[in-house]
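Below is one structure, written out as structure tokens; the observations come after it.
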Amino acid sequence: MGLGTRLKQLFSGSRDTEEFYEELEDLLIEADLGARLAMAYTDRLRRTGRVRERSELVAQLRQFLLEDLRAADLELDPQRLNVILMLGVNGVGKTTNLAKLAHYYQRQWNGDGIVLAAGDTFRAAAVEQLGLHAQRLNLRIVKQTTGSDAGAVIYDAITSAVSRGDRLVLADTAGRMHNRENLVRELEKIHGIIHRQAGEGVIYRKILVIDTTTGQNALQQAELFHKAVGVDAVLLAKYDSSARGGILIPLAHSPGLACGWLGTGEGYTDLVPFDPERYVDELLAP
Ligand SMILES: Nc1nc2c(ncn2[C@@H]2O[C@H](COP(=O)(O)OP(=O)(O)OP(=O)(O)O)[C@@H](O)[C@H]2O)c(=O)[nH]1
Ligand SMILES: [Mg+2]
């Protein structure tokens, strides 16, 4: 059951009492806003004392959430080379959403100049998985075998994209290595390669994929990747699979991450550009 429905139920009991505010705080925590923000919002609402009706509460919350949220600037330029690096722990939806992004820009820019880089050389079958997407979408893919150097694959992809005049490189990465330090070191290396190679005139974006069903652990994941290479935008995957969905608010508040996309299913078209107002309205709708 989503936050909006829970808020509606809240008004079947007593209003503007201490019990009411405590319950409200719990509902916000359960919606993944995190304990700190839930408390801060509830305190603000308590002080205003203007929450006798559901519509008043929703209007106030809507305003608070929109103050904290940010939409990422994801503008790419089809006249130049754009490089997108997909980041995230294992299983969150990097590869699937990379394919959705490829499909999105394929439609947006009608056609070619898009290349996939099979930068997950760690997990067996990861190269094949991306290869299948390339085949289905009729896109070029740069790959090597499992176990080869991910940085070299991405380097080759960018080099070939430059020489062919391609417009977009979408690079997959591994979500798991032997341990976290290895993962961070690998990503720093890949980031360094792209950074040096891409240089001026190239638009380079690092997209962190967060799984909506992860809950508050997403914050630690965000810290890890943001510290390692810097995150330009969050893609919230599996948004369709959870009634919670409030995680973007603490992500925006504390690591300060803006959202770019919502993943809403497993198909190629199940990806929508992030719109803060629409997101907040959905979150608060009964
Ligand atoms: N319902 C739903 N499922 C999704 C979405 N995005 C990805 N998935 C599913 O999540 C599962 C994992 O997706 P992958 O793209 O393989 O995840 P990954 O991060 O690349 O995983 P690793 O390569 O193992 O690190 C797959 O079954 C996808 O179909 C989404 O937005 N909604
Ligand atoms: Mg993958």
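Index from 1, following the sequence. Just so you know, ligand 1 is whichever comes first in the structure, and atom 1 is the first atom listed for that ligand.
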Taking the ring of Y268 and the ring of Y104, is the distance between their centroids below 6.0 Å?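 Here the rings of Y268 and Y104 have centres that are no less than 6.0 Å from each other.
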
With the Mg ion (ligand 2) as the centre, enumerate protein N/O/S atoms below 2.8 Å in chain and residue order. T95 OG1

For R52, I'd like to know if atom CZ has over 12 heavy atoms of other residues, nucleotides or ligands within 6.0 Å.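 Not buried by this count: 12 neighbours or fewer within 6.0 Å.
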
Residues, nucleotides or ligands: over 12 heavy atoms within 6.0 Å of Y155 OH: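 No - once you tally the heavy atoms of other residues, nucleotides and ligands closer than 6.0 Å, there are 12 at most.
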
Is it the case that the side chain of S160 and the backbone of A157 share a donor-acceptor pair, with hydrogens and angles ignored and the cut-off at 3.5 Å?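 Pair found, side chain donor or acceptor close to backbone of A157.
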
Pick one: which of I203, V169, D166 meets side-chain contact (heavy atoms from CB on, under 4.5 Å) with N82? I203

Rounded to the nearest 0.5 Å, how far does CG of L65 lie from OH of Y41? 5.0 Å

State the CE-CG distance between M39 and L33, to the nearest 0.5 angstrom.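 That separation rounds to 13.5 Å.
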
May I have the step-by-step check of salt bridge (charged side-chain N to carboxylate O under 4.0 Å, His left out) for D120 and K94, ending in yes or no? CA-CA 10 Å; D120 181 353; K94 293 177 296 301; over 6 Å; no

R62 and D281 ion-paired at < 4.0 Å: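 Between D281 and R62 there is a salt bridge, with a charged N closer than 4.0 Å to a carboxylate O.
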
Could you go through ligand 1 and note, for every N or O atom, any protein N or O atom closer than 3.5 angstrom, writing the atom names and distance to 0.1 Å, or 'none'?
{"residue": "ligand 1", "atom": "1 (N)", "partner": "D240", "partner atom": "OD1", "Å": "3.4"}
{"residue": "ligand 1", "atom": "1 (N)", "partner": "D240", "partner atom": "OD2", "Å": "2.7"}
{"residue": "ligand 1", "atom": "1 (N)", "partner": "S241", "partner atom": "OG", "Å": "3.3"}
{"residue": "ligand 1", "atom": "6 (N)", "partner": "N97", "partner atom": "ND2", "Å": "3.2"}
{"residue": "ligand 1", "atom": "10 (O)", "partner": "K238", "partner atom": "NZ", "Å": "3.4"}
{"residue": "ligand 1", "atom": "13 (O)", "partner": "T96", "partner atom": "OG1", "Å": "3.4"}
{"residue": "ligand 1", "atom": "15 (O)", "partner": "T95", "partner atom": "N", "Å": "3.3"}
{"residue": "ligand 1", "atom": "15 (O)", "partner": "T96", "partner atom": "N", "Å": "2.8"}
{"residue": "ligand 1", "atom": "15 (O)", "partner": "T96", "partner atom": "OG1", "Å": "2.5"}
{"residue": "ligand 1", "atom": "16 (O)", "partner": "Q129", "partner atom": "NE2", "Å": "3.1"}
{"residue": "ligand 1", "atom": "17 (O)", "partner": "G93", "partner atom": "N", "Å": "3.0"}
{"residue": "ligand 1", "atom": "19 (O)", "partner": "V92", "partner atom": "N", "Å": "3.2"}
{"residue": "ligand 1", "atom": "19 (O)", "partner": "G93", "partner atom": "N", "Å": "2.9"}
{"residue": "ligand 1", "atom": "19 (O)", "partner": "K94", "partner atom": "N", "Å": "2.8"}
{"residue": "ligand 1", "atom": "19 (O)", "partner": "K94", "partner atom": "NZ", "Å": "2.7"}
{"residue": "ligand 1", "atom": "20 (O)", "partner": "K94", "partner atom": "N", "Å": "3.4"}
{"residue": "ligand 1", "atom": "20 (O)", "partner": "T95", "partner atom": "N", "Å": "2.9"}
{"residue": "ligand 1", "atom": "20 (O)", "partner": "T95", "partner atom": "OG1", "Å": "2.8"}
{"residue": "ligand 1", "atom": "21 (O)", "partner": "G91", "partner atom": "N", "Å": "3.0"}
{"residue": "ligand 1", "atom": "23 (O)", "partner": "R123", "partner atom": "NE", "Å": "3.3"}
{"residue": "ligand 1", "atom": "23 (O)", "partner": "R123", "partner atom": "NH2", "Å": "3.2"}
{"residue": "ligand 1", "atom": "24 (O)", "partner": "R123", "partner atom": "NE", "Å": "3.0"}
{"residue": "ligand 1", "atom": "25 (O)", "partner": "G91", "partner atom": "N", "Å": "3.1"}
{"residue": "ligand 1", "atom": "25 (O)", "partner": "K94", "partner atom": "NZ", "Å": "2.8"}
{"residue": "ligand 1", "atom": "27 (O)", "partner": "E266", "partner atom": "OE1", "Å": "3.4"}
{"residue": "ligand 1", "atom": "29 (O)", "partner": "E266", "partner atom": "OE1", "Å": "2.5"}
{"residue": "ligand 1", "atom": "31 (O)", "partner": "K100", "partner atom": "NZ", "Å": "3.2"}
{"residue": "ligand 1", "atom": "31 (O)", "partner": "K238", "partner atom": "N", "Å": "2.9"}
{"residue": "ligand 1", "atom": "31 (O)", "partner": "G263", "partner atom": "O", "Å": "3.2"}
{"residue": "ligand 1", "atom": "31 (O)", "partner": "G265", "partner atom": "N", "Å": "3.4"}
{"residue": "ligand 1", "atom": "31 (O)", "partner": "G265", "partner atom": "O", "Å": "3.3"}
{"residue": "ligand 1", "atom": "32 (N)", "partner": "D240", "partner atom": "OD1", "Å": "2.8"}
{"residue": "ligand 1", "atom": "32 (N)", "partner": "G265", "partner atom": "N", "Å": "3.3"}
{"residue": "ligand 1", "atom": "32 (N)", "partner": "G265", "partner atom": "O", "Å": "3.4"}

